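All remarks here apply to the structure that follows.
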Amino acid sequence: MPEETQQRYEDSDLYRIRHSAAHVMAQAVLEFYPEAKYTIGPPVENGFYYDFDLPRPLTAEDLEKIEKRMRQIIAGGHVFTKKVVSAEEAHQIFKDQPYKLDLIDGLEKGGFDEYGQPLAEKPEISIYQHDTFTDLCRGPHVENTRKINPSAIKLMSIAGAYWRGDEKNKMLTRLYGTAWKTAQELEEYLAMLEEAKKRDHRKLGKELEIFIYEDEVGPGLPLWLPHGGVMIEELEKLAKEMEEKAGYVRVRTPHLAKEALFLHSGHLPYYAESMYPPMEIEGVKYYVKPMNCPMHHKIFGSKPRSYRELPIRLAEYGTCYRYEKSGELFGLMRVRSMQMNDAHMYCSEDQFEQEFMGVIDLYHKYFELFGIQKFVMRLSLHGKEGLGKKYVDNERLWLKTEAMVRRAMTNGGVPFVEAYDEAAFYGPKIDVQIWSTIGKEFTLATNQVDFAQPGRFGLVFMNKNGVEETPLCIHRAPLSTHERMIGFLLEHYAGNFPVWLSPEHVRVIPITDNQNEYAEGIVRQLREQGIRASADLSAQRMNAKIREAQLMKVPYMLVVGENEANAGTVSLRVRDGSQQNNIPLAEFVVRAKDRIARRAKELF
RNA sequence: GCCGACGUAGCUCAAUCGGCAGAGCAACCGCCUUGUAAGUGGUAGGUUACGGGUUCAAUUCCCGUCGUCGGCUCCA
C-alpha cells in the first residue's frame, strides 16, 4: 500500500467535516435535552459519533429531529473559534459537565488526551466554540458550519457505550453519524453498506443452506447443514495434506477433563469466565475444554523425549467450547462451540525461528490459495501492568520471547504491526487480523509462543549434552476454526466458492422429463469419479431449474435435452453465465476433476 | 454481561386507532413436454417466540423469560 503518499486521515478535509458535524450534532442534542451531559465525539472511519449521558433513551424519531435541527444549525454559517485556556478556566467553563471535568483532569495531569487516549506529552488545553456550543477540543475544525454539506450527512444509529470504554463505568448513549463532502458520496457510501449486507455470511449461510441456529439447541452453537458439512470436510482435507507435508502428526483428545488439568495448565485462574461451568461426577469436577493444549502437553509428556525427535508437531481438529458473553456472539464469526485447526509444536530454542516461520509460511500458502489480500499481521505483546494478572509473571521470558518473534518476522521479511497488551497469558503471538463485510474486526489465524505451560507441566527433552531441557511450545491455528473460517470464506467469495470448496459441484438439469433417466445416469458416473452431483428432476421448466441452481451458486450446470441424450454429451452452463454446448461427458469430467484436484481459482 | 431496537407460515414480508391473521416464493396434487435466471391451475400451511397481566376483545398495550440485530466490553 502506498501509505507514505497518502494523506493522514487526521489531516484531511473529511476528518474536519466529521469532527465539526459531531459538534453540530452535540449542539442539537443539548438543545433538545439541556440536562444532558456530553462526553466525547471524535471522527471515526466513515463518520463520527458523540457519547451523551441522557435522561432518557433516544428513539428513531429523535434521530430525525436531531438531524433536521443539525441542518438548520449548519445553515446558520456559525464560525468555529479556538481558544487556548488554562486548566482553571476550563474547569469554570465546564463546571456543570462532570465528564468534561474528568477529561480536563486527564489533560492537566498529562498522559491523556481529551478522548482518554495515552499521550506522550502534556498537551495544551483548548476549547472550540460555534453558535451556542462549546466543547473541550483540540480540533481541527472547518471554518464555519456552512462547510458541512447538509445533504451529505446522515445520523445512522443509536448504541450504548461505556464511559472511557470500561465496562465498570456508566453506559452512555452513543449516536453514530456519517458525513461526506457531497450528497453523491453519501449515496455511494450507503449503497456500499447495502452491498456489504448482501455478502453478510449470516444471510448467505441461510440462503446457501450452510448452517442454522436453533433456539432449542442454544446460542452460539451452530448446526451444520449438509452443505456446511461438505465444506468442513474439504477444509480438513486441505489442512491434513498441508500438515502431513510439513511433518505434523495427528492426535485426538476428549472434550472433557478434570479440573486438575486446567489448574495445572494455568487456564482456570486466567480463563474461568470464558469456560462453561464445571459438572461434577463422583465428587470430581470436570470442565468442557476451551482449548486443546493441556491435553497435547500430556501427550508430549507421555514418554521421555530426545532432542533427536524434536520438533514434535501434534495436530488435532479439536472441538472446543467457550462461554462467550451473549452480546458477543456473531453469526459464525463468534460462537460458543468451535472446531480449531489446532496444533502444538514442541521445539528447542534454536529451532524456534525456523518452526515459527514455518507456520507463517503456511499462512501465506493458505492466503495465496484463497486469494486473501486484505489482512494485517499483529505481534501481540504483554502489558507490564498485567504481569501476574492477565499474564504469566516472568518479565524476563516475555521480553526474550517477544524479541525472538520480532527477530523471526523481521528476518523473514514479513510485515507486521505491534500491539501492546494483547498477548495470550502464556506468551506473545502473531494474529492475522481480518474484517467482516460489515466492518467488524476479527483474528482469523493465530500463532502463539508458549514459554509457560511446558514448564508448568514439567515437559522436558534430553539435549545433546545429556541435560534435561524444557521445550518451547508454539500454538498455531492457520485456518482458525471451522466456524470462523467458513464465515470468513462466505463473505470473501460472496458465496461463489471455487469448485473444490463448493458444496455442490454439478447440478444436472434435464430439459424435459424424457431426459430424467439420462440425467440420473450422468449423476451416477460423476459420483463414481468423486464429483459431487445431483439431478434436478422436479416438474419445473428448465429456466426455473437454472435459476435455482444459479441462486445456489452451483459452479457447473449440465443442461441435457434430446440432442445431448442422443449424442452422449452435455451442455455446460458455468456459474458465471458462460455456456459450452455439446461437450462429450468424458471431456467435462476430465476438466472438472482437474479444477477440483488443483483447487483451481478458475471455474472451467 | 451492559445500552437500545426487533421477534407474524419453511423463506421474504403485510395487517389503520385494540375488532374474524394476509401475500409472494417454497412444499404438495394436477396440467403443460419445455433449449440457458421464475409456464400454469388448485390444495395445504399459524397457540403471531414463550409465560403472565390489562380489556367485552390483544399480533397490537403492560411485565417477565428466551432469542436475534446495532453498538460497548471481550475474543479464535
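Because the structure is predicted, anything quoted here is derived from the model rather than measured. Basis for what follows: all heavy atoms, side chains included, without hydrogens, waters or symmetry-related copies.
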Using a heavy-atom cut-off of under 4.0 Å over every strand shown, decide if [X] touches base, sugar-phosphate, or nothing.
| X | answer |
| --- | --- |
| A/Glu562 | base |
| A/Glu564 | base |
| A/Asp431 | nothing |
| A/Ala159 | base |
| A/Lys197 | nothing |
| A/Gly165 | sugar-phosphate |
| A/Asn581 | base |
| A/Ala544 | sugar-phosphate |
| A/Asn543 | sugar-phosphate |
| A/Leu172 | nothing |
| A/Met340 | nothing |
| A/Ile438 | sugar-phosphate |

Nearest-Å distance, [atom1] ([X]) to [atom2] ([N])?
| X | N | atom1 | atom2 | value |
| --- | --- | --- | --- | --- |
| A/Asp200 | B/C69 | CG | P | 9 Å |
| A/Glu61 | B/G4 | CD | P | 16 Å |
| A/Phe330 | B/C75 | CZ | P | 18 Å |
| A/Asp513 | B/C31 | CG | P | 11 Å |
| A/Glu209 | B/A26 | CD | P | 14 Å |
| A/Ile66 | B/G4 | CD1 | C1' | 14 Å |
| A/Phe488 | B/C75 | CZ | P | 21 Å |

Determine, stepwise, if the pair A/Tyr317 / A/Asp342 fulfils side-chain hydrogen bond (donor to acceptor under 3.5 Å, both in side chains).
-> CA-CA 6 Å; A/Tyr317 253 116; A/Asp342 212 0; over 6 Å; no
Starting from the 5' end of RNA chain B, give me the residue, A/Ile546 or A/Ala477, whose nearest nucleotide shows up first.
->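 By nearest-heavy-atom nucleotide position, the 5'-most residue is A/Ile546.
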Select from A/Val559 and A/Arg336 the residue whose nearest nucleotide in RNA chain B is closer to the 5' end of that strand.
->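 In this pair, the answer is A/Arg336.
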Check whether any side-chain N or O of [X] sits under 4.0 Å from OP1 or OP2 of [N], and answer yes or no.
| X | N | result |
| --- | --- | --- |
| A/Lys429 | B/A76 | yes |
| A/Tyr176 | B/C72 | yes |
| A/Ser326 | B/G1 | yes |
| A/Lys206 | B/U12 | yes |
| A/Lys545 | B/U34 | no |

Among [options], which nucleotide has an atom closest to any side-chain atom of [X]?
| X | options | result |
| --- | --- | --- |
| A/Arg174 | B/C72, B/A76, B/A37 | B/C72 |
| A/Asn514 | B/U33, B/A76, B/U12 | B/U33 |
| A/Pro219 | B/U68, B/U34, B/U12 | B/U68 |
| A/Met171 | B/G67, B/G71, B/G39 | B/G71 |
| A/Asp215 | B/G67, B/G35, B/U33 | B/G67 |
| A/Glu324 | B/G39, B/C75, B/U34 | B/C75 |
| A/Tyr162 | B/C72, B/C75, B/G70 | B/C72 |
| A/Arg202 | B/G1, B/C69, B/G35 | B/C69 |
| A/Arg573 | B/A76, B/A37, B/U73 | B/A37 |

Between A/His382 and the options A/Glu402, A/Glu422, A/Lys390, the side chain to side chain donor-acceptor pair (under 3.5 Å) test singles out A/Glu402
So the stems of RNA chain B, runs of at least three Watson-Crick or G-U pairs (under 3.5 Å), are B:1-7 with B:66-72, B:10-13 with B:22-25, B:27-31 with B:39-43, B:49-53 with B:61-65
Looking at [atom1] of [X] and [atom2] of [Y], how far apart are the two atoms once the value is rounded to the nearest 0.5 Å?
| X | Y | atom1 | atom2 | value |
| --- | --- | --- | --- | --- |
| A/His201 | A/Phe330 | NE2 | CZ | 5.5 Å |
| A/Ile522 | A/Phe588 | CD1 | CZ | 9.5 Å |
| A/Leu572 | A/Glu564 | CG | CD | 11.0 Å |

Are the side chain of A/Ser502 and the backbone N or O of A/Phe497 linked by a donor-acceptor pair below 3.5 Å?
->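 Such a contact is found between A/Ser502 side chain and A/Phe497 backbone.
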Sub-3.5 Å donor-acceptor pair from the side chain of A/Arg174 to the main-chain atoms of A/Ala161, do we have one?
-> no
Should the pair A/Phe375 and A/His364 be assigned to parallel (<30°), tilted (30 to 60°) or perpendicular (>60°) ring geometry?
->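 Judged by the thresholds at 30° and 60°, the geometry between A/Phe375 and A/His364 is tilted.
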Less than 3.5 Å between a donor and an acceptor, one on the side chain of A/Glu216 and one on the base of B/G67, is that the case here?
->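 Between B/G67 and A/Glu216, which were checked side chain against base, a qualifying N/O pair under 3.5 Å is absent.
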Hey, is the side chain of A/Arg541 pairing donor to acceptor with the base of B/C32 inside 3.5 Å?
-> yes
How about A/Arg56: does its CZ atom have over 12 heavy atoms from other parts shown lying under 6.0 Å from it?
-> yes
Using the benzene-type ring in the case of Trp, are the ring centres of A/Phe604 and A/Tyr556 under 6.0 Å apart?
-> yes
